[in-house]
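We name chains A, B, ... by the order of the sequence lines, and we start the count at 1 in each one. Fair warning: this is a prediction, and the values are worked out from it, not measured in the lab.
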Number of protein chains: 4
Amino acid sequence: MKGFAMIKIGQVGWIEKEKPKVGPYDAVVRPLAVAPCTSDIHTVFEGAIGERYNMILGHEAVGEVVEVGSEVKDFKPGDRVVVPAITPDWRILEVQRGFHQHSGGMLAGWKFSNIKDGVFAEFFHVNDADMNLAHLPEDIPLEKAVMISDMMTTGFHGAELAEIGLGDTVAVIGIGPVGLMAVAGAKLRGAGRIIAVGSRPALIEAANFYGATDIVNYKNGDIVEQVMKLTDGKGVDRVIIAGAGPDAIDKAVKMVKPGGIVANVNYFGEGDVLPIGRLDWGAGMAHKTIKGGLCPGGRLRMEKLIDLVRYNRVDPGKMATHVFRGFEHIEKALLMMKDKQSDLIKPVVIIEE
Amino acid sequence: MKGFAMIKIGQVGWIEKEKPKVGPYDAVVRPLAVAPCTSDIHTVFEGAIGERYNMILGHEAVGEVVEVGSEVKDFKPGDRVVVPAITPDWRILEVQRGFHQHSGGMLAGWKFSNIKDGVFAEFFHVNDADMNLAHLPEDIPLEKAVMISDMMTTGFHGAELAEIGLGDTVAVIGIGPVGLMAVAGAKLRGAGRIIAVGSRPALIEAANFYGATDIVNYKNGDIVEQVMKLTDGKGVDRVIIAGAGPDAIDKAVKMVKPGGIVANVNYFGEGDVLPIGRLDWGAGMAHKTIKGGLCPGGRLRMEKLIDLVRYNRVDPGKMATHVFRGFEHIEKALLMMKDKQSDLIKPVVIIEE
Amino acid sequence: MKGFAMIKIGQVGWIEKEKPKVGPYDAVVRPLAVAPCTSDIHTVFEGAIGERYNMILGHEAVGEVVEVGSEVKDFKPGDRVVVPAITPDWRILEVQRGFHQHSGGMLAGWKFSNIKDGVFAEFFHVNDADMNLAHLPEDIPLEKAVMISDMMTTGFHGAELAEIGLGDTVAVIGIGPVGLMAVAGAKLRGAGRIIAVGSRPALIEAANFYGATDIVNYKNGDIVEQVMKLTDGKGVDRVIIAGAGPDAIDKAVKMVKPGGIVANVNYFGEGDVLPIGRLDWGAGMAHKTIKGGLCPGGRLRMEKLIDLVRYNRVDPGKMATHVFRGFEHIEKALLMMKDKQSDLIKPVVIIEE
Amino acid sequence: MKGFAMIKIGQVGWIEKEKPKVGPYDAVVRPLAVAPCTSDIHTVFEGAIGERYNMILGHEAVGEVVEVGSEVKDFKPGDRVVVPAITPDWRILEVQRGFHQHSGGMLAGWKFSNIKDGVFAEFFHVNDADMNLAHLPEDIPLEKAVMISDMMTTGFHGAELAEIGLGDTVAVIGIGPVGLMAVAGAKLRGAGRIIAVGSRPALIEAANFYGATDIVNYKNGDIVEQVMKLTDGKGVDRVIIAGAGPDAIDKAVKMVKPGGIVANVNYFGEGDVLPIGRLDWGAGMAHKTIKGGLCPGGRLRMEKLIDLVRYNRVDPGKMATHVFRGFEHIEKALLMMKDKQSDLIKPVVIIEE
């Protein structure tokens, strides 16, 4: 079968591999729609997770089941499914500790395009199908559904980690697709005012669509100062970091109130350390909690998010600014994420409707 | 001054009282808009909180400050304010325990029309103005603002007590104004499917407006059976009880999944006991948590809810189906809550705009 | 092989069955020590979970692995293990919801002597060995270790559900072995005053040993009145119910403060309903939360509890008042739980040291 | 009256000041016992909170009420009281947000020897006596009671912030008196294994007394490596930082498992930033939460901690290694905290028994 792969750090290309085989609990799926992720770009062009050779890329997909193992109960060939970016092994003690994302080791619940071949292929392998796949309802279009795998679960996890209360004022740093879903997630958790930090007009318009009430543009000066001015010097209740450099935590700590929470869902790709300002953090005593975590995956999470789309609580389709049709466009779509043009939010490749 | 009062159990009428006096931390407020509450009806006509003589009724108001005590810092005569139904004393140990609603004793944070005269008067007294009042922004109309005092904080508290997670399926039992705000609150916390239980067409239409995805009508049969059928026998993740008889908890326990939460914000007015079905509750072992509590009050809560209205997260004005203009209409508005006509959700009396 | 079984409701006896077979993820274990539980008595003599025929009893055991399936990684024949009373299937969506106790249905994580044969046999079957068994350290004697399976995890779960804060005043209703472990659990979570409700001198002495500071004896009058008197009318912060009749929840609600928690780990064996007093529950508004749940099982839980024994945080061996040696004493030990003599806390049968 | 004061940064001395006056809600207290704190040393000799002139030092005291304001209800002259280090104003919105420590601004709940004169004086002022003082039971000796004000509440807060679960493995970095109370707090919350990081023999002995199961000495090599070795490379569930330099958070993040919590109660006195290792923090996705906060104060907290001493849940008196008798010894006791001799844990000055 064909797949679009990381040949090595800095190089991508089409390769041939054998079609994957199923174990007793697994499934093989062919993609109906996929989307490239900024983290694919980090992986290939920045070597963010180290060297990989001939690894098929991609971890955002909806697809059709083509084969299942003997022990799979709830899925059969022909079923249309949402595939989460995070597909943990569930029979591991970390699951009993409540962190399936880290089952088998830190971040090891993330398998596609990290530990094993990803979804940019004619077929891909899904471990523990009953626990990781979710049925896709007929009435959700593919370009919406493919946002569930990673963008929605990641952005919303920012809002969850932030423990937003009804009416809270929330700042969201970064309004790429994950940041936009963090804005939508903050609204879904009942935030009042939502201050979105970004600069591209297409993203700002989308941020307003998803619930931002104020925009702070870093081109207009220090973002901390701008947020403090908007809030009459009080700061915000919560900050979600959804895209930024290593100084983002420090800035977030500065703009959050004592007792507030800084929640990170950004993948920090550079820098040895992430510094926290000692005095801004109250010399250790300010009750400014700093959290960060990989998005939840697995079947139940997907089912919950599918319900949010089905019942019109959120419309992730607005982010699909560039929709291609045909498997061969995966390459072009991926490279769009590298050279982000001004009107791009997220490219989607529809392989078959 | 004039006030509309409970003369005794079963009797209401206009009375004359002295204008209230301020202590050093207090304020006197004159109402700009008030709304009667079903609990006023319980208090007068069912004697639900025991006998009261010549007690002015009402606990839902926005008003204008007319006088403040010497130690009040943040409010001055002429300020327009939202007045919470719950105005606790804040210098009491229960506040340190996290339950201002019960400061000074169970439910003792509820003072208006319970422990002291209410807001259906030319003037009313607010204890600890800096901690209990909130400034009303210019751009929120009075008939929306008056819903904040009690309806929004109570209904939303149901959603808070229920600890709703993103995408959860939630049943709301009772869709009077508190139930409608419980539906809106469930949506604001990120519920997916929301099953509203009620029967009056005006309320059903409003429930759909506020976020209900399914309606269960008790006139069509047992509500537990209907909910189980809608959910393919799985039950719901959360139940909010916002109006019902003593058997509501039992029904809620029946329809909630193991591990789920039943959250009550209903004032149970009758029956010695509220029974829980032993087997439905897993003989004590089903992890079906039962919670219930008086709405939060105080200034910060009001400010948070004001933000939710200001930033269009919710539109409580839709509930104000009957708006009267003039102080003298308080009597008529109150009695409407007694003899609920089919198109009534909530009457509001605008005293001065 | 031989096993001591429930022949039918009301009748027990020794039976012959085939030795269990292992699936790929399973183990067969032979018991080294077992203990009978009051719930075995409920099951047989009260028919509490319905009819069962020739079902081997018992769910509290430590043992030696004799056979493992092909996919088991962390255990091999000869390993000494603690076996939890609750051995869920872990590949089920309820686990993703956080409630392994109810994986596959309400209470369905409880398999031994409920859904399948129990541990009172020459050999017993353990599903998903890697996820359910825990290695028994050499230096923990068997009569202590066998308390981990059920008594410790159940009693401690009462303390967990109660969300005890440092210095809280806690009442524990019922001081059989589960109640004693609830007392120990409350102490382990940092309770200040612990009021234990019971009457047998042997149990009272043990309650004091495990951390009770006050004893309330129901033979001396109404327990609610006694608790209120001890607390100067204030009531307690938390109540754990660890053994009582259907009126226990009502009594617990009466004695707990507004904002408090009632946590049940008792198996309610009788009565159609468990009533809550309407007014004691603040007519629905007192913030008196009522929780109840089956004990956690699985490997990680056992490992955590093993550490508590190993590091001398608790000494459950004190409860083993009657220790028998020899497989054949299982019958006698079980019947002791039926006809509880005054100095009995818990009988243990050591099969092989 | 006489008081021992910070004359300016780097200089201490006895000064004369007027006896404080009470407002209507306040009390004047004379100390019966006081203890100096390392933070007094930071304040004077490192200028950690900036310049202060002629400010009386000290914030750990038990005393006798000598005068109360007209509105004080629960205390009268002659009452013996525990005085918390943190005495917030309670009528401030931060209290409604749940963070009395920051009422009026970040850390502003800490008044003694920071915002106003401290307790090393013949008399000192306590704001809001009913909300901040707690009655001292007769049977608790002064040298134990004085540990409640700050050492117990601070160390225990580390255990609270760490959200320790039953049987968790916890590392405590720093075993001065706060660290010792963090060890005791971890034990009180039900930790299994407790690894204490320190080096002085007197402190190590005390750490073992309070519940440490393992000692890691930084003189024997990198503490992260030692902790990882002790835990077979798995790391710990929780870390409490109770004394260390700016690299402590980074080390704690390294040794904690994914999904774990790092809780800081240390006052970081130096360095512009506290760095977090990017990769150790999972590039932002490891779910390693970092928290830190000033100890809780106020009356209810003191009452809870008093109960823990009264009911023998902890014996803080073991830390009082050097007990002086007489007001004049305050100077000597304070300077002992500067030049810590090898057998010192905590000096106490008994002024009157």
Closest heavy-atom contact between [X] and [Y]?
X       : Y       : answer
H102(C) : M285(B) : CE1-O, 3.1 Å
R278(B) : F268(C) : NH1-O, 2.7 Å
L107(B) : G282(C) : CD1-O, 3.9 Å
A283(B) : Y267(C) : CB-CE2, 3.4 Å

Top of [options] for chain C proximity - count of heavy-atom pairs under 4.5 angstrom:
options                   : answer
L161(B), D237(B), N264(B) : N264(B)
P275(B), G259(B), G165(B) : G259(B)
H157(B), E94(B), E270(B)  : E270(B)
G271(B), C295(B), A263(B) : G271(B)

Notebook entry, point to check: From L274(B) CG over to I290(C) CD1, what is the distance, rounded to the nearest 0.5 angstrom?
Noted result: 8.5 Å
Notebook entry, point to check: In Å, rounded to the nearest 0.5 Å, how long is the span from CE of M106(C) to CG of D280(B)?
Noted result: 7.0 Å
Closest-packed option against chain B by number of heavy-atom pairs under 4.5 Å, given [options]:
options                            : result
G105(C), G277(C), A286(C)          : A286(C)
G269(C), G98(C), P246(C)           : G269(C)
I276(C), D250(C), T289(C), V273(C) : I276(C)

Checklist line | Toward chain C, the part of I241(B) with a non-hydrogen atom under 4.5 Å | finding: neither
Margin query: Quick check on I261(B) against chain C: is it the side chain, the backbone, both or neither that has a heavy atom closer than 4.5 Å?
Written below: neither
Note to self: Check this for me: K234(C), atom NZ, are more than 12 non-hydrogen atoms of other residues, nucleotides or ligands nearer than 6.0 Å?
What the structure shows: no
